[in-house]
Number of protein chains: 2
Amino acid sequence: MRPVHHPAAADFDLASVLYALGDTVRLGIARRLAGGREMSCAVAAGDAERLPKSTLSFHFKVLRDAGLIRTRKSGVMVMSTLRRAELDARFPGLLASVLGTPATGTQRRRERKL
Amino acid sequence: MRPVHHPAAADFDLASVLYALGDTVRLGIARRLAGGREMSCAVAAGDAERLPKSTLSFHFKVLRDAGLIRTRKSGVMVMSTLRRAELDARFPGLLASVLGTPATGTQRRRERKL
DNA sequence: TTCAATAGTTCAATAATATTGGACTATTGA
DNA sequence: TCAATAGTCCAATATTATTGAACTATTGAA
């Protein structure tokens, strides 16, 4: 397996992030990872697990390339986590509205400017 | 020109909305419309105006089909507006985080009319 | 240590989408 | 009536996504 690349948060591109989330399979994966738990591909895929493995592998790559997830090999499995804090820092409010979960560990200032 | 279709807000699909915004040309159009002004295709396209008209026409259709914009014919032009209120109601916070503009109807201390 | 099972990845072929040129339509102002 | 304007529509081409099949790496058991 080739070494995978994870973009730096500074290189996140909004259009790429939205594109990555603009697919029901990938959106489902992101939602499952939104709980914060690290999951294998098969588990994160959930009901989409019935898709061919090559297709899922492709979807995980799209998510990884856009910066949405970080993956690491653990034994025979590839474990994924949502890059929540980095995404929240770069695109405040985005994941909260898309995934329906509040930002993790975000220290809220006393007042937020609109 | 065939009659165009605008989906009802209840039929908006999050993945479709994200997909529509997940393209630099379409994201640019949405951003330009985020000010609330109604614009012709050419104006809303902004710097992407150099693209072929047929390509732009396709992008506007994607935005319209996803429910992001509403279009109407006015004279020789097709005018577009962002379906801001309906999108805000259906996907709270989404456009605010994507377009960097607060939701319409958000009460600030002093409201300024456009 | 060898082996089979597991959990993916990679590649190449095919299927599905996006882009585009060119012909077309509707509206307007001269 | 006519030419200009602002797009739309269509069919060909270019680009992407999906997939089967072969492959890799790791593990647990024999």
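Chain letters run A, B, ... following the sequence lines, proteins first, then strands; residues in each count from 1. Heavy atoms only: backbone and side chains are in, while hydrogens, waters and symmetry mates are out.
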Q: Taking only residues two or more places apart in sequence or in another chain, which ones pass salt bridge (charged side-chain N to carboxylate O under 4.0 Å, His left out) with B:Asp65?
A: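 With sequence neighbours excluded, B:Asp65 shows a salt bridge (charged side-chain N to carboxylate O under 4.0 Å, His left out) to B:Lys61, given in chain and number order.
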Q: As an exercise, state the distance from CZ of B:Arg31 to OG1 of B:Thr24, rounded to the nearest 0.5 Å.
A: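 B:Arg31 atom CZ to B:Thr24 atom OG1 measures 10.0 Å (nearest 0.5 Å).
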Q: Roughly how many Å is it from NE2 in A:His59 to C1' in D:dT16, rounded to a whole number?
A: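 In whole Å, D:dT16 C1' and A:His59 NE2 are 12 Å from each other.
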Q: Between protein and nucleotides 24-30 of chain C, what N or O pairs are separated by less than 3.5 Å?
A:
none

Q: Is there a side-chain contact (heavy atoms from CB on, under 4.5 Å) between A:Leu56 and A:Val25? Walk through the geometry before answering.
A: CA-CA 9 Å; A:Leu56 285 180; A:Val25 172; 4.3 Å; yes
Q: What is the distance, rounded to the nearest whole Å, between atom CZ of B:Arg26 and atom C1' of C:dT19?
A: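 One finds 12 Å between C1' of C:dT19 and CZ of B:Arg26, rounded.
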Q: Any idea which of D:dG7, D:dC10, D:dT18 is nearest the B:Ser54 side chain?
A: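 Comparing D:dG7, D:dC10, D:dT18 against the side chain of B:Ser54, the answer is D:dC10.
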Q: Quick check for you: among D:dT8, D:dT19, C:dT19, whose closest atom lies nearest to any side-chain atom of B:Val78?
A: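 Side chain of B:Val78 sits closest to D:dT8.
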Q: From the options C:dA7, C:dC11, C:dT19, select the nucleotide whose nearest atom is closest to the side chain of A:Met77.
A: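 Looking only at heavy atoms from C-beta outward on A:Met77, the closest nucleotide is C:dA7.
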Q: Could you note down all residue pairs passing side-chain hydrogen bond (donor to acceptor under 3.5 Å, both in side chains) where residues 46-55 of chain B supplies at least one of them, sequence neighbours left out?
A: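 Qualifying pairs, neighbours excluded: B:Arg32-B:Asp47.
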Q: Taking the minimum atom-to-atom distance to the side chain of B:Arg2, which one of C:dT10, D:dC10, C:dT19 wins?
A: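 Of the candidates, D:dC10 comes closest.
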Q: Would B:Leu68 and B:Leu95 satisfy side-chain contact (heavy atoms from CB on, under 4.5 Å), going step by step from the backbone distance to the final call?
A: CA-CA 10 Å; B:Leu68 275 154; B:Leu95 291 190; 4.3 Å; yes
Q: Take atom NZ of B:Lys53 and atom P of C:dA23, then tell me their distance rounded to the nearest Å.
A: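 B:Lys53 atom NZ is separated from C:dA23 atom P by 13 Å.
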Q: Where the side chain of A:Asp23 is concerned, which of D:dT19, D:dT18, C:dG8 is the nearest nucleotide?
A: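 So the nucleotide nearest the side chain must be D:dT18.
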Q: Is there a Watson-Crick or G-U wobble partner for C:dG22 with both distances under 3.5 Å, and which nucleotide is it?
A: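 Result: D:dC9.
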Q: Can you tell me the distance, in whole Å, between the CD1 atom of B:Ile29 and the C1' atom of D:dG7?
A: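 It is 13 Å, rounded to the nearest whole Å.
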Q: Roughly how many Å is it from CG in B:Leu56 to P in D:dA6, rounded to a whole number?
A: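 For the pair B:Leu56 CG and D:dA6 P, the rounded distance is 13 Å.
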Q: Taking OP1 and OP2 of D:dT18, is either one under 4.0 Å from a side-chain nitrogen or oxygen of A:Thr55?
A: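 The answer is no; no side-chain N or O of A:Thr55 sits under 4.0 Å from OP1 or OP2.
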Q: Quick one: look up who C:dA13 pairs with, Watson-Crick or G-U, both distances under 3.5 Å, and put none if it's unpaired.
A: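 Result: D:dT18.
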Q: How many whole angstroms separate atom CZ of A:Phe58 from atom P of D:dG20?
A: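 Interatomic distance, CZ of A:Phe58 to P of D:dG20: 15 Å.
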Q: Whole Å only: how far is the NZ atom of A:Lys61 from the P atom of C:dA7?
A: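 It is 23 Å, rounded to the nearest whole Å.
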Q: Backbone N or O of A:Phe12 within a donor-acceptor pair of the A:Arg90 side chain at under 3.5 Å?
A: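 Judged by distance alone, yes, a pair lies under 3.5 Å.
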Q: Which nucleotide, if any, forms a Watson-Crick or G-U wobble pair with C:dA30, using both distances under 3.5 Å?
A: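 D:dT1 is the nucleotide pairing with C:dA30.
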Q: Rounded to whole angstroms, how far apart are CD on B:Glu49 and C1' on D:dG7?
A: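 Answer to the nearest Å: 12 Å.
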Q: Between A:Leu18 and A:Leu94, is there a side-chain heavy-atom distance shorter than 4.5 Å?
A: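 A side-chain contact exists here, since the closest heavy-atom pair is under 4.5 Å.
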